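All values derive from a computational prediction rather than experimental measurement. So that the names make sense, note that chain A is the first sequence line, chain B the second, and so on, each numbered from 1.
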Protein chains: 2
Amino acid sequence: MSVNAAIASESLTRSVEDYLKAIYQLSPEGRPASTSEIAHLLALSPPSVTGMVKRLSEHGLLEHVPYRGVQLTDEGRRAALRMVRRHRLIEAYLVEFLGYSWDTVHEEAERLEHAVSDTMVERMATALGNPVVDPHGDPIPTVDGSIHEPACTALSDVPVGETVEIHRVHESQPERLRYIASLGLRPGVRVRVLDRQPFDDLVTIEVGGDQHVIGRELGHVLQCAREGDQ
Amino acid sequence: MSVNAAIASESLTRSVEDYLKAIYQLSPEGRPASTSEIAHLLALSPPSVTGMVKRLSEHGLLEHVPYRGVQLTDEGRRAALRMVRRHRLIEAYLVEFLGYSWDTVHEEAERLEHAVSDTMVERMATALGNPVVDPHGDPIPTVDGSIHEPACTALSDVPVGETVEIHRVHESQPERLRYIASLGLRPGVRVRVLDRQPFDDLVTIEVGGDQHVIGRELGHVLQCAREGDQ
DNA sequence: CGGATAATTTAGGATAGCCTAATTATCTCG
DNA sequence: CGAGATAATTAGGCTATCCTAAATTATCCG
């Protein structure tokens, strides 16, 4: 059975879909993902990951070099991008039509992405006017599996004095997202970097008239577009 | 752990949810359901059903008298009605907002009913204006688990000469539903019974100026409200 | 270079669900 | 009533997925 057939006939299990999406998200560019990274992201034990990785590589969805990591094959990447498209479109739909806010959509989408049909995904896309990004600013892959990841700079890396626009907010925990929103930070918002401490990458920013100090962790959650980017 | 806690914490698996819903649907009134009825409805082997039934009865969701059949407990019935509510609301939502027709919603709802959160179900209900019936005319249970099954008469049992209104269409196969729709039959439509043959319960009906002969099977799929009903 | 540490894999086992084949219970009817 | 038919259950197995504990490999550093 070809993998295309496998994908088309929806024969991938929830678990498999989760693994593929996780591996893609660990490195959209295709760098090998390690067993422990995958295990951590999926909240599973490393031996479980090794076991599944073996099965997936037998099915041609990824390549596994023992002790070295895994990389998605074209088929695996296609299946992963299909899940990413679903997830992000579902998030957008829930926010637009069912009153969800960006901190609560992730969990719901995480379950729905395995249950909706391709038909339903495309109807949601149509209802939304075929959006290009989701509520967190993440780009939505097209049906044919292409995705444009625009060049981004972590807020931590923006030079002092520059004004940038927040493009993406790489976070899924509801509590953290609410905190971020409480600072007035969300995709599309413009931020000016006022200062950077010589320790810990702490940057002081100005957004909507308020000033905040941002640490390294949050500074990498907030991905910005500089003038030179793109 | 109480069953309420079990239900609340979503600890029921897809399979368990399917079994409970199936048993409820085999007899909303609570007559015992047989192993083979359940197996047939869920497309499983009878031994599989016996096995699951044992587990469910250990968990207090149903009572099993060996060789005699099973009946849902209050907790089991509550969980089943929760699934029925989900299913029917999802069907209504898909038809209203995502361009589905009544012959295609069932399959989609069958998957989604296990994946949506209670929150999402209630938001869909709100978006729909808290509907009382689904696209097939089936009543939607309330959140607290009550349901009003209005008295219905199978079209096959309607006396000749009477005019009745179609209330419910008890069918889920797309092809059959399309056929029914092609005859102009759907909930709310008024039908006059012109004739009944002395064999096979064949009835001739008039609907929207056309005449059709309806056999026993379809005559029971079409549930009608007579003057005396309710 | 070799040994400690960290990462990974192997070994062995559990659980949920499903199946077929064989057995047992119930029912029906002459 | 008892024999055959039918329905249900038990017995025994399979697959997917997960786990912990033990063994192995890779890496890094003195």
Side-chain angles (χ1 to χ4, degrees), chain A residues 1 3 6-7 9-23 26-27 31-71 76 79 83 110-111 113-115, chain B residues 1 3 6-7 9-23 26-27 31-71 76 79 83 110-111 113-115:
Chain A
M1 175 167 66
V3 175
I7 293 173
S9 64
E10 317 256 348
S11 76
L12 302 182
T13 65
R14 257 156 267 276
S15 279
V16 169
E17 290 177 344
D18 281 338
Y19 275 92
L20 295 176
K21 195 182 69 163
I23 293 164
L26 283 169
S27 170
R31 168 186 52 79
S34 74
T35 299
S36 46
E37 278 177 324
I38 300 167
H40 182 253
L41 187 54
L42 295 175
L44 298 172
S45 69
S48 298
V49 173
T50 300
M52 177 61 96
V53 151
K54 258 187 202 163
R55 262 170 279 155
L56 295 183
S57 89
E58 277 159 19
H59 285 279
L61 291 162
L62 49 79
E63 282 177 45
H64 179 212
V65 181
Y67 295 99
R68 279 295 146 85
V70 301
Q71 286 177 287
M83 296 314 293
E110 204 59 18
R111 272 175 289 105
E113 66 188 5
H114 304 293
Chain B
M1 175 169 66
V3 175
I7 293 173
S9 64
E10 315 257 349
S11 75
L12 302 182
T13 65
R14 259 155 267 275
S15 277
V16 168
E17 290 177 343
D18 281 337
Y19 275 92
L20 296 176
K21 195 182 70 164
I23 293 164
L26 284 169
S27 170
R31 168 184 53 76
S34 74
T35 299
S36 46
E37 278 177 324
I38 300 167
H40 182 252
L41 188 53
L42 295 175
L44 298 173
S45 70
S48 298
V49 173
T50 300
M52 178 61 95
V53 151
K54 259 187 200 162
R55 262 170 280 156
L56 294 183
S57 90
E58 277 159 19
H59 284 279
L61 291 162
L62 51 78
E63 283 178 42
H64 179 212
V65 180
Y67 294 98
R68 278 297 145 84
V70 300
Q71 286 177 288
M83 296 314 293
E110 203 61 18
R111 273 175 288 105
E113 65 188 4
H114 303 294

Can you check side-chain contact (heavy atoms from CB on, under 4.5 Å) on A:Leu42 and A:Lys21, steps first, answer last? CA-CA 10 Å; A:Leu42 295 175; A:Lys21 195 182 69 163; over 6 Å; no
If you apply the rule side-chain contact (heavy atoms from CB on, under 4.5 Å), what do you find for A:Val70 with A:Tyr19, and how did you get there? CA-CA 11 Å; A:Val70 301; A:Tyr19 275 92; over 6 Å; no
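Checking B:Thr35 against A:Ser15, the closest nucleotide of DNA chain D that is more toward the 5' end is the one next to B:Thr35.
Rounded to a whole Å, the NZ atom of A:Lys54 is 10 Å from the C1' atom of C:dA11. Rounded to an integer number of Å, the gap from NE2 of B:His64 to C1' of C:dA25 is 12 Å. Regarding B:Tyr67, its OH atom lies at a distance of 6 Å from the P atom of C:dA25, rounded to whole Å. Note: OH (B:Tyr19) to C1' (C:dG17) measures 8 Å, nearest angstrom.
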Under 3.5 Å donor-acceptor pairs involving side-chain atoms of residues 46-56 of chain A, not counting sequence neighbours:
| residue | atom | partner | partner atom | Å |
| --- | --- | --- | --- | --- |
| A:Ser48 | OG | A:Ser45 | OG | 2.9 |
| A:Thr50 | OG1 | A:Pro46 | O | 3.3 |

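Residues from residues 41-53 of chain B lying near DNA chain D, meaning a heavy-atom separation below 4.0 Å, are B:Pro46, B:Pro47, B:Thr50 in numerical order.
A:Arg55 comes within 4.0 angstrom of a base, heavy atoms only.
Shortest non-hydrogen contact noted between A:Glu113 and A:Asp18 is OE2-OD1, 3.9 Å.
Here the options are B:Leu62, B:Leu61, B:Leu41, the test is side chain to side chain contact (heavy atoms under 4.5 Å, CB included), and the partner is B:Ile23; only B:Leu62 passes.
Contacts of B:Arg68 classified as side-chain contact (heavy atoms from CB on, under 4.5 Å), with partners at least two apart in sequence or in another chain: B:Val65. With sequence neighbours left out, B:Gln71 forms a side-chain contact (heavy atoms from CB on, under 4.5 Å) with B:Pro32. Scored by the salt bridge (charged side-chain N to carboxylate O under 4.0 Å, His left out) test, B:Glu63 finds no partners at all (sequence neighbours excluded).
Contact annotation: A:Ser34 does not reach the phosphate of C:dA7 (side-chain N/O to OP1 or OP2, under 4.0 Å).
If you walk DNA chain D from 5' to 3' and mark each nucleotide with an atom closer than 4.0 Å to a heavy atom of chain A, the marks span D:dA16 to D:dT27.
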